Amino acid sequence: MLDNRQAKRLALPPRPSGFAEAGVPPLADRQGRTYRYLRLSVTDRCDLACLYCMPPSGEEDHALRKALLTFEEAARVVGVFAAGGIERVRFTGGEPLVRKDVVELVARVHRRVPHVTLAMTTNATRLGELARPLRAAGLGGVNVSLDTLDPERFRSLTRGGDVGRVKAGIHAALAEGMDVKLNVVPLRHDPASDGDLRELVDWAWGLGITPRFIELMPLGEGAKLPADWRMSATEVRAVLGDRLADRDAETPEGPVGPARYVPRRNGEGRIGFISAMSNEFCGTCNRVRVTARGDVRACLADRRAVSLRDVMRAGGSDADLAWAMRWALGGKAEGHFFADPSATEHENVGMSLIGG
Ligand code: SAM
Ligand code: SF4
C-alpha cells in the first residue's frame with residue numbers, strides 16, 4: 001500500500017480511506033462516462049513506419065526494456081481494470097507482434113481475466129506465423145491495418161512493408177476462426193488512391209471482412225502530412241458511390257465502439273466509419289488507454305498521464321491502482337479539441353507512443 005509521501009511523489013492525491021478495499025467501484029469520469037474498453041499498448045516499436053504514424057527512423061523515444069510493463073504487471077493492471085468494469089481489452093502498440101513472447105502475454109492476461117474479450121490491432125506482418133498460437137492463447141479477434149493492396153504504394157506508405165505478408169496474416173487469422181476487421185486510414189496521396197479504396201473494399205467483402213475507415217488525426221507524424229491528403233468519411237462515401245446503401249441505413253456500432261456502419265447496397269457486407277474529425281464521438285467515449293510503460297491515458301488528445309507502473313513498483317496495492325485509474329479518468333476532458341488551432345499539444349506525440 002502507498003503511504004502519503006509515496007503518493008505525493010507519484011503526483012497522486014492520497015487515496016480516500018476505504019476506497020476500493022471492498023471491491024473496485026465502476027470506472028467513471030466527471031462527465032458520467034463509464035469505461036468498458038481498455039487499449040493496452042505492449043510496445044512502442046514497430047517493424048513498419050507508416051507515413052502518418054512513425055518518423056522515418058522510428059520513434060527516438062523507445063522505451064528501455066525495464067521501463068515497459070512486465071507481463072505480470074500488465075496482467076495485474078488488466079485484472080484491476082476488469083474489476084472496475086472493463087469488458088474488452090485490445091492489445092496494440094507500436095506493433096504488438098514485435099514484442100518478444102507476446103503470445104505468452106496474451107495467455108497470461110487470458111488466464112487472469114477469462115471472461116474479458118481479448119483482441120489486437122496489428123499490421124499483420126507476423127500474423128501468418130502467430131495467428132494459431134495467439135488464438136490458442138485466447139485472442140478472439142484482430143483489426144488489421146491495411147490502406148492499399150497495391151504492393152508499390154503499400155511499400156511507400158509503410159516505408160518498406162510487404163503487402164503479401166499482411167494478406168497472408170489475414171488469411172491465417174481467418175483460418176483460425178478469428179474475428180477480422182480492416183482498419184483503413186484513407187489518404188489522397190496518389191492519383192490512384194481512390195481506386196485503391198474501392199479495390200480494398202471489394203477484396204475485404206470477398207473474404208467476409210468489414211473494412212473500417214479511420215479519419216486521419218493530427219497526432220505526431222499525422223499532423224505533418226499535407227492537408228489535401230486527408231479524406232473525410234463523406235469523401236470516402238463519395239468514392240465508394242453505389243457500392244453502399246443509402247445514408248438512412250447507417251447504424252451505430254452499439255455500446256462498445258465509435259464506428260458507424262453502412263451496409264453494402266447489393267449483397268452481404270458493410271463498411272464502418274470512425275470519424276473522430278468530422279463527427280466527434282467523445283460524448284460517448286468508453287475507452288481508456290494504457291501505454292507500454294504503464295501510463296494511463298484517458299484520451300488520445302491529452303498528454304496528462306498517471307503511471308500505474310510506478311504505483312506498482314512503489315509497492316502499491318490493487319486499491320492504490322484502482323485509485324490511480326480513477327484519478328486519471330477523473331481529469332478527462334469532454335472532447336479532443338483537434339480542430340482548435342490554439343490547441344497543438346497532441347501534435348507532439350504520435351499514435352505509436354500512446355497506443356493506437
Ligand atoms: N501497429 C498496429 C497497427 O498498425 O494496426 C497497431 C498500432 S497503430 C498505431 C493503430 C492504428 O492507429 C492503426 O490502424 C493506424 O492506422 C492508426 N493510426 C496511426 N496514426 C494515426 C493517425 N494520425 N490518425 C488516425 N489513425 C492513425
Ligand atoms: Fe507501425 Fe501501426 Fe504505426 Fe504503421 S500504424 S507505423 S504499423 S504502429
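Counting starts at 1 for both ligands and their atoms, following the listed order. Small disclaimer: the values here were computed from a predicted structure and weren't measured.
A salt bridge does not link Arg230 with Glu235: none of the charged nitrogens is closer than 4.0 Å to a carboxylate oxygen. Ion pairing between Arg99 and Glu104 fails under the 4.0 Å rule for side-chain N and carboxylate O. The pair Asp147-Arg153 does not count as a salt bridge, with every side-chain nitrogen at least 4.0 angstrom from each carboxylate oxygen.
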Working note: Arg108 + Glu72, criterion side-chain contact (heavy atoms from CB on, under 4.5 Å); need CA distance, chi angles, decisive distance, verdict. CA-CA 8 Å; Arg108 216 179 254 236; Glu72 189 44 41; 2.9 Å; yes

Is there a side-chain contact (heavy atoms from CB on, under 4.5 Å) between Leu97 and Leu134? Walk through the geometry before answering. CA-CA 10 Å; Leu97 298 183; Leu134 284 169; 3.7 Å; yes

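Considering each of Cys46, Gly222, Pro96, the one bringing a non-hydrogen atom nearest atom 2 (Fe) of ligand 2 is Cys46.
Checked by distance only, ligand 1 and Tyr52 come closer than 3.5 Å through their nitrogen or oxygen atoms. For ligand 1, the polar-atom distance check finds no N/O of Pro96 at less than 3.5 Å from any of the ligand's N/O atoms. Polar contact with ligand 1: absent for Thr92 (N/O pair, distance under 3.5 Å). An N or O contact shorter than 3.5 Å is missing between Arg39 and ligand 1 by distance.
Contact annotation for Thr121 and ligand 1: heavy atoms of both the backbone and the side chain come within less than 4.0 Å of the ligand. Of the heavy atoms in Thr122, only backbone atoms (N, CA, C, O) come closer than 4.0 Å to ligand 1. In Asn183, the part holding a heavy atom less than 4.0 Å from any atom of ligand 1 is the side chain.
Taking all atoms of both residues into account, the shortest heavy-atom contact from Trp205 to Arg270 is NE1-O, 2.9 Å.
Of all atoms in ligand 2, listed by their number and element, those nearer than 4.0 Å to a heavy atom of Met54 are 6 (S). Heavy-atom contacts of Val185 reach the following atoms of ligand 1: 16 (O), 26 (N) (cutoff under 4.0 Å).
The nearest N, O or S atom of Cys50 is not closer to atom 3 (Fe) of ligand 2 than 2.8 Å.
Using modelled atom types, one finds no donor on one side chain facing an acceptor on the other under 3.5 Å when comparing Ser193 with Asp196. Thr43 and Glu95 form no side-chain donor-acceptor contact under 3.5 Å, judged by distance and modelled atom types alone. Side-chain contact annotation: Asn123 with Thr125, donor-acceptor N/O pair under 3.5 Å present.
The shell of residues lying under 4.0 angstrom from ligand 1, judged by heavy atoms, excludes Ala124. Within the 4.0 Å heavy-atom cutoff, Glu221 does not count among the residues contacting ligand 1. Judged by the shortest distance from any of its heavy atoms, Cys46 lies outside the 4.0 Å radius around the atoms of ligand 1. Residue contacts with ligand 2 include Gly94, since one or more of its heavy atoms lies under 4.0 Å from the ligand.
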